[in-house]
Amino acid sequence: MSEMIKVAMPKGRIYKKASALFREAGIDIPDDVDETRKLVIPLPEIGMEFILAKPVDVPTYVEYGVADIGIVGKDVLLEEDRDVYELLDLGIARCRMSVIALPDWQPGIHQRVATKYPNVASRYFREQGQQVEVIKLNGSIELAPLIGLADRIVDMVETGQTLRENGLVETESLFEITSRLVANRVSYRMKNAEIQALCDTLASVIGKE
Ligand SMILES: Nc1ncnc2c1ncn2[C@@H]1O[C@H](COP(=O)(O)OP(=O)(O)OP(=O)(O)O)[C@@H](O)[C@H]1O
Ligand SMILES: O=P(O)(O)OC[C@H]1O[C@H](OP(=O)(O)OP(=O)(O)O)[C@H](O)[C@@H]1O
């Protein structure tokens, strides 16, 4: 008998794209979970249980092994630095992580950068030899340069609409971001057949949707 796989699934943007990919691969999962308040969704017919998590917490559940696998943006993996095994680039929820500024931005003596990704931003500016103060925010990051909290931000750009509507410009693109399938290291050994089968099934439809 094959073992049940516990999957940490991020609610929100990624869930919608991931569910389309699963369905394309012939795995029947709910196409939306925004309506439900239930956090643990048993799916015995496909041998899985979904744990509906905040995107940023997915690597934590997987590292601790309370989820065997998870789906998470590369941005979160870069920021959280959790010990998980990155199995597959799903090619979904594509965007980029960039440095963004007001069009007339000039490097000053004391520079401040606002971001949801303080570890990534600090690492990047250190590598560039730029001394900056990094300020952690949790959303609406584009506000920071508009109202004078920071000179620049590090944030996600997808369509560029948020930048355009707020008169901001992208000065550097740091990383291309997509969602990844990650696994707990022990689960990957103990439930290898099931996890590898899922990986192969998803791999066969990546980029086709
Ligand atoms: N335009 C985008 N802006 C931000 N993240 C994006 C974008 N496009 C794709 N992504 C991916 O989606 C993930 C964020 O998903 P979502 O916006 O649902 O969550 P969140 O805002 O981090 O979560 P929550 O609001 O629940 O705290 C990112 O980690 C990234 O990998
Ligand atoms: O290039 P675009 O297509 O405009 O997408 C980028 C925007 O989307 C995300 O914000 P989100 O909607 O998640 O809101 P938040 O910043 O409040 O989390 C991101 O932080 C950018 O602000």
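In each ligand, atom 1 is the first atom listed, and ligand 1 is the first ligand listed. Only heavy atoms go into these numbers, but all of them, side chains included; no hydrogens, no water, no symmetry mates. Every value quoted in this text rests on a predicted model; they were computed, and no experiment measured them.
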Undergrad: Could you tell me which non-hydrogen atom of Ile27 sits nearest to which non-hydrogen atom of Met48, and how far apart they are?
TA: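 So the two residues come closest at CG2-CE, 4.4 Å.
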
Undergrad: Give me the nearest non-hydrogen protein atom to atom 4 (O) of ligand 2 as residue plus atom name, then the distance to 0.1 Å.
TA: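 Checking every protein heavy atom, the shortest distance to atom 4 (O) of ligand 2 gives Thr162 OG1, 2.5 Å.
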
Undergrad: Which residue owns the protein heavy atom closest to atom 21 (C) of ligand 2, what's the atom, and how far is it?
TA: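 Atom 21 (C) of ligand 2 sits closest to the protein heavy atom Glu142 OE2, 3.3 Å.
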
Undergrad: Can you tell me the protein heavy atom closest to atom 24 (P) of ligand 1 and the distance?
TA: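 The answer is Lys54 NZ, 3.7 Å.
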
Undergrad: Answer yes if a protein heavy atom lies under 4.0 Å from atom 9 (C) of ligand 1, otherwise answer no.
TA: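 Given the 4.0 Å limit, the answer for atom 9 (C) of ligand 1 is yes, a protein heavy atom qualifies.
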
Undergrad: Please give me the minimum heavy-atom distance between Asp68 and Met4, naming the atom from each residue.
TA: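 So the two residues come closest at OD2-O, 3.8 Å.
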
Undergrad: What protein heavy atom lies closest to atom 16 (O) of ligand 2? Include the residue and the distance to one decimal.
TA: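 Answer, as residue, atom name and distance: Ser140 N, 3.1 Å.
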
Undergrad: Is at least one protein non-hydrogen atom found at under 4.0 angstrom from atom 14 (O) of ligand 2?
TA: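 Protein heavy atom within 4.0 Å of atom 14 (O) of ligand 2: absent.
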
Undergrad: So if I count the atoms of ligand 1 from 1 in the order they appear, which ones are less than 4.0 Å from some heavy atom of Lys11?
TA: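 Answer, ordered by atom number: 18 (O).
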
Undergrad: When you compare the side chains of Glu142 and Thr162, does any donor N or O come within less than 3.5 Å of an acceptor on the partner?
TA: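 Distance-only check fails for Glu142 and Thr162.
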
Undergrad: Give a yes or no on whether a salt bridge exists between Lys116 and Glu79, defined as a side-chain N under 4.0 angstrom from a carboxylate O.
TA: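 No, Lys116 and Glu79 are not salt-bridged.
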
Undergrad: Nearest protein heavy-atom contact for atom 8 (O) of ligand 2: which residue, which atom, what distance?
TA: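 Closest protein heavy atom to atom 8 (O) of ligand 2: Arg13 NH2, 3.5 Å.
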
Undergrad: Ignoring hydrogens, what is the shortest heavy-atom contact between Leu21 and Leu90? Give both atom names and the distance.
TA: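 Reported closest heavy-atom pair: CD2-CD2, 3.8 Å.
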
Undergrad: Looking at ligand 2, is there an atom of it that comes within less than 4.0 Å of some heavy atom belonging to Glu165?
TA: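 Not so, Glu165 does not reach ligand 2.
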
Undergrad: For ligand 1, is there an N or O atom under 3.5 Å from any N or O atom of Tyr117?
TA: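 No.
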
Undergrad: If we set the cut-off at 4.0 Å for heavy atoms, which region of Ile14 has an atom near ligand 1: side chain, backbone, both, or neither?
TA: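 Just the side chain.
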
Undergrad: For ligand 1, which atoms have a heavy atom of Met156 less than 4.0 angstrom away?
TA: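 This gives 3 (N), 4 (C), 5 (N), 30 (C) as the contact atoms.
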
Undergrad: So which protein heavy atom does atom 1 (N) of ligand 1 come closest to, and at what separation?
TA: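 Looking at atom 1 (N) of ligand 1, the protein heavy atom closest to it is Glu158 OE1, 2.9 Å.
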
Undergrad: Is there any N or O on Arg13 that sits under 3.5 Å from an N or O of ligand 1?
TA: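 Yes, at least one N or O pair falls under 3.5 Å.
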
Undergrad: Going by an N to O cut-off under 4.0 Å, is there a salt bridge joining Lys74 and Asp89?
TA: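 Asp89 and Lys74: not salt-bridged.
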
Undergrad: Starting from atom 31 (O) of ligand 1, which protein heavy atom do you reach first, and at what distance in Å?
TA: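 Protein heavy atom with the smallest distance to atom 31 (O) of ligand 1: Asp75 OD1, 2.7 Å.
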
Undergrad: Considering Ser179, Gly12, Pro55, which one's heavy-atom position lies nearest to atom 19 (O) of ligand 1?
TA: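 Looking at heavy atoms only, Pro55 sits closest to atom 19 (O) of ligand 1.
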
Undergrad: Give the residue and atom name of whichever protein heavy atom lies nearest to atom 22 (O) of ligand 1, and the separation in Å to one decimal.
TA: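 Result: Lys116 NZ, 3.5 Å.
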
Undergrad: Write out the residue and atom name of the closest protein heavy atom to atom 6 (C) of ligand 2, then the distance separating them to 0.1 Å.
TA: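 Of the protein heavy atoms, Met156 O, 3.4 Å lies nearest.
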
Undergrad: Looking only at protein heavy atoms, which one is nearest to atom 20 (O) of ligand 2, and how far off is it?
TA: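 Among all protein heavy atoms, the one nearest atom 20 (O) of ligand 2 is Asp155 OD2, 2.8 Å.
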
